[in-house]
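One structure is given below, encoded as structure tokens.
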Number of protein chains: 2
Amino acid sequence: MKQSIDFTTLQEKVTATIREAIFTQTFKPGERLIQDELAAKLGVSRMPIREALRCLEREGLVEMLPHKGAQVIGISKEDIEELYYLRSFLEGVTVQKSMNFLTSNDREELQHLVEKMDQDIRNNNLDLFVNHNQEFHTLLQKGCSWKKVKMLNKQFIEGYPAHVPSLIPHSMQVSNEEHKAMLEALDQKDPVKLRQLVELHIMRAGEKLTQLIE
Amino acid sequence: MKQSIDFTTLQEKVTATIREAIFTQTFKPGERLIQDELAAKLGVSRMPIREALRCLEREGLVEMLPHKGAQVIGISKEDIEELYYLRSFLEGVTVQKSMNFLTSNDREELQHLVEKMDQDIRNNNLDLFVNHNQEFHTLLQKGCSWKKVKMLNKQFIEGYPAHVPSLIPHSMQVSNEEHKAMLEALDQKDPVKLRQLVELHIMRAGEKLTQLIE
DNA sequence: TTTTGATGGATTGTATCCAATCTTATTTTT
DNA sequence: AAAAATAAGATTGGATACAATCCATCAAAA
């Protein structure tokens, strides 16, 4: 298998494939996902498909009804507003609780990521920026011992096309400047400020995105 | 089938059964849930078990690892603090957004529920109180058009033994007085106040519960 | 003694088959 | 002609069977 990431289970591959197809609009909102069709198309049996659909249901990408099957969920402007409002609060709480438990190693790693993102911007490498950005956000939350909220944050990021926000012109620069501000708050050991910065960071991204949509 | 609720699907029955077993500590935290065992015990094949475990994973009751299977997740004091903190915020937002879209019918229904709960208290009927309480909270959220947050609220309630909080002595009376205050805020058409009341209502319950635990 | 490597049993992952349910089109009834 | 009943096809739900993976145990080598 020369796939960039090799999953340990067929079901995981299938999940990733379908998720990607939903993000790229190959499967359109409202479209029915028929298990037999998918199985034939992906060359597997229906069993991994079924489990994949359950996982996608958890991520909020599809809806499953008993005896009726799965449908792709559409995302409206309001859904995006909701998503960013929730993310803003939840990630805010998480980093506030996380901060005091971050090691100096983590601090350095965060610094590195910011520098890498600066480079990604210069190279105009969107995919890498998205990855590093995601790493940055995840690492910033590492110290938080609350599990549910961290799981939710992860799901919200996975359950939504992460590159879309970065497609906004000049958004990446602003974004990374805000990351630097977060590092300052970290140095000042000010968890409340850090939380505010994260909240604003995400809300700003959300507003940019909703503006762009209409 | 004369079961109180007849589910349309075996998997749903299995899910309910296992969930109940986790709540009643029949399956203890950390315990492995072996599919074959469960299948034999419940007299079904492994397939509905697998899907049930996925649903419970989404609810946060079990953890599944590839090729390793499912484990019951334990709930610590900190988990409860987290749960109530999150619920407080999320339900708060939801009712604030919901309020202006509640009909006068909804208002009456809420009034009825409060009266029923008063009666449940007099009759010392815990189960009924829990049900009515759940109905009350759900109905209060009805007008909110944000879907994710409503789903989360539902999951948080389902994913945690709802009767536990009501076991606290004299908690039900206080609880229902707070419900009445919410109805007043509703009459005053003050969404912000309603939100505050709901937040306090839930936080109070959470604190009572954590106090009781230690 | 510690580490490495095999081996067998336990458990999960996947495929295939059949049954249950839904949907749609057609026929029957009013 | 409209509504209700019916039957056929499509699709999901569940059972069984087999393959892949993990894990504990023990043996062999360093």
Side-chain angles (χ1 to χ4, degrees), chain A residues 1-3 5-22 26-74, chain B residues 1-3 5-22 26-74:
Chain A
M1 308 296 150
K2 74 248 353 267
Q3 193 132 21
I5 311 158
D6 60 333
F7 302 98
T8 68
T9 238
L10 239 189
Q11 176 253 108
E12 291 178 30
K13 284 186 235 179
V14 172
T15 308
T17 307
I18 300 179
R19 181 171 34 222
E20 194 60 27
I22 292 177
T26 309
F27 296 137
K28 304 214 165 38
E31 184 172 343
R32 274 187 76 189
L33 296 179
I34 287 143
Q35 303 176 358
D36 262 329
E37 282 182 18
L38 292 171
K41 203 168 291 183
L42 301 180
V44 299
S45 92
R46 265 177 51 217
M47 217 54 47
I49 305 276
R50 278 165 67 166
E51 304 223 323
L53 290 176
R54 286 236 170 270
C55 290
L56 294 169
E57 185 189 24
R58 173 176 47 189
E59 292 176 15
L61 290 177
V62 309
E63 183 186 15
M64 290 189 81
L65 295 171
H67 297 288
K68 298 191 69 177
Q71 265 185 233
V72 179
I73 293 220
Chain B
M1 309 296 147
K2 74 249 349 271
Q3 194 134 17
I5 311 157
D6 59 336
F7 303 98
T8 69
T9 235
L10 239 191
Q11 177 253 107
E12 292 178 28
K13 283 187 235 177
V14 172
T15 308
T17 307
I18 301 179
R19 181 170 36 220
E20 194 60 27
I22 293 177
T26 309
F27 296 136
K28 303 213 165 42
E31 185 171 342
R32 277 186 73 190
L33 297 178
I34 286 143
Q35 301 175 0
D36 262 329
E37 282 183 17
L38 292 171
K41 203 167 291 182
L42 301 179
V44 299
S45 93
R46 266 174 52 215
M47 218 54 47
I49 305 274
R50 290 175 67 104
E51 304 223 322
L53 290 176
R54 288 236 171 269
C55 290
L56 294 170
E57 186 188 24
R58 173 176 48 189
E59 292 176 14
L61 291 177
V62 309
E63 182 186 13
M64 289 189 84
L65 294 170
H67 297 288
K68 297 191 66 177
Q71 263 186 248
V72 179
I73 294 221

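- Atoms CG (A:D36) and P (D:dT12) sit 7 Å apart, rounded to a whole Å.
- DNA chain C is contacted by both B:I34 and A:L10; B:I34 maps to the nucleotide lying nearer its 5′ end (nearest heavy atom per residue).
- A:R54 and B:E57 are not joined by a salt bridge, as no carboxylate oxygen comes within less than 4.0 angstrom of a charged side-chain nitrogen.
- Atom pair B:M64:CE and C:dG13:C1' shows a separation of 10 Å (rounding to whole Å applied).
- The side chain of A:H67 lies closest to C:dT21 when the candidates are C:dT21, D:dT12, C:dT16.
- Protein atom CG of B:L53 is 11 Å distant from nucleotide atom C1' of C:dT12, rounded to whole Å.
- For B:K68 and D:dC23, the shortest distance from a side-chain N or O to OP1 or OP2 is below 4.0 Å.
- Whole-Å rounding puts the A:L42 CG to C:dT14 P distance at 13 Å.
- Contact annotation: A:Q35 side-chain N/O to D:dG13 OP1/OP2 distance is under 4.0 Å.
- Between the CG atom of B:L65 and the P atom of D:dC22 there is a distance of 12 Å, rounded to whole Å.
- Of the candidates A:I22, A:L61, A:V62, A:F27 forms a side-chain contact (heavy atoms from CB on, under 4.5 Å) with just one, namely A:I22.
- Within 4.0 Å (heavy atoms only), A:Q11 reaches sugar-phosphate atoms of the nucleic acid but no base atom.
- An OP1 or OP2 oxygen of C:dT14 is reached within less than 4.0 angstrom by no side-chain nitrogen or oxygen of A:R46.
- Rounded to whole Å, atom P of D:dA17 lies 12 Å from atom CE of B:M47.
- When heavy atoms are screened at a 4.0 angstrom cut-off, B:L33 is found touching the sugar-phosphate backbone but no base atom.
- Contacts of B:I49 with the nucleic acid, taken as non-hydrogen atoms under 4.0 Å apart, are absent.
- Distance from the side chain of A:R32 is smallest for D:dT11 among the nucleotides C:dT14, D:dA15, D:dT11.
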For A:K28 and A:V72, what are the C-alpha separation, side-chain angles and deciding distance, and is it a side-chain contact (heavy atoms from CB on, under 4.5 Å)? CA-CA 7 Å; A:K28 304 214 165 38; A:V72 179; over 6 Å; no

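- Of all heavy-atom pairs spanning A:Q71 and A:G30, the tightest one is NE2-O, 3.5 Å.
- In terms of modelled atom types and a separation under 3.5 Å, the side chain of A:Q11 and the main chain of A:A52 share no donor-acceptor contact.
- Here C:dC17 presents its C1' atom at 13 Å from CZ of A:R50, a figure rounded to the nearest Å.
- The separation between A:E12 atom CD and D:dT21 atom P is 13 Å, rounded to whole Å.
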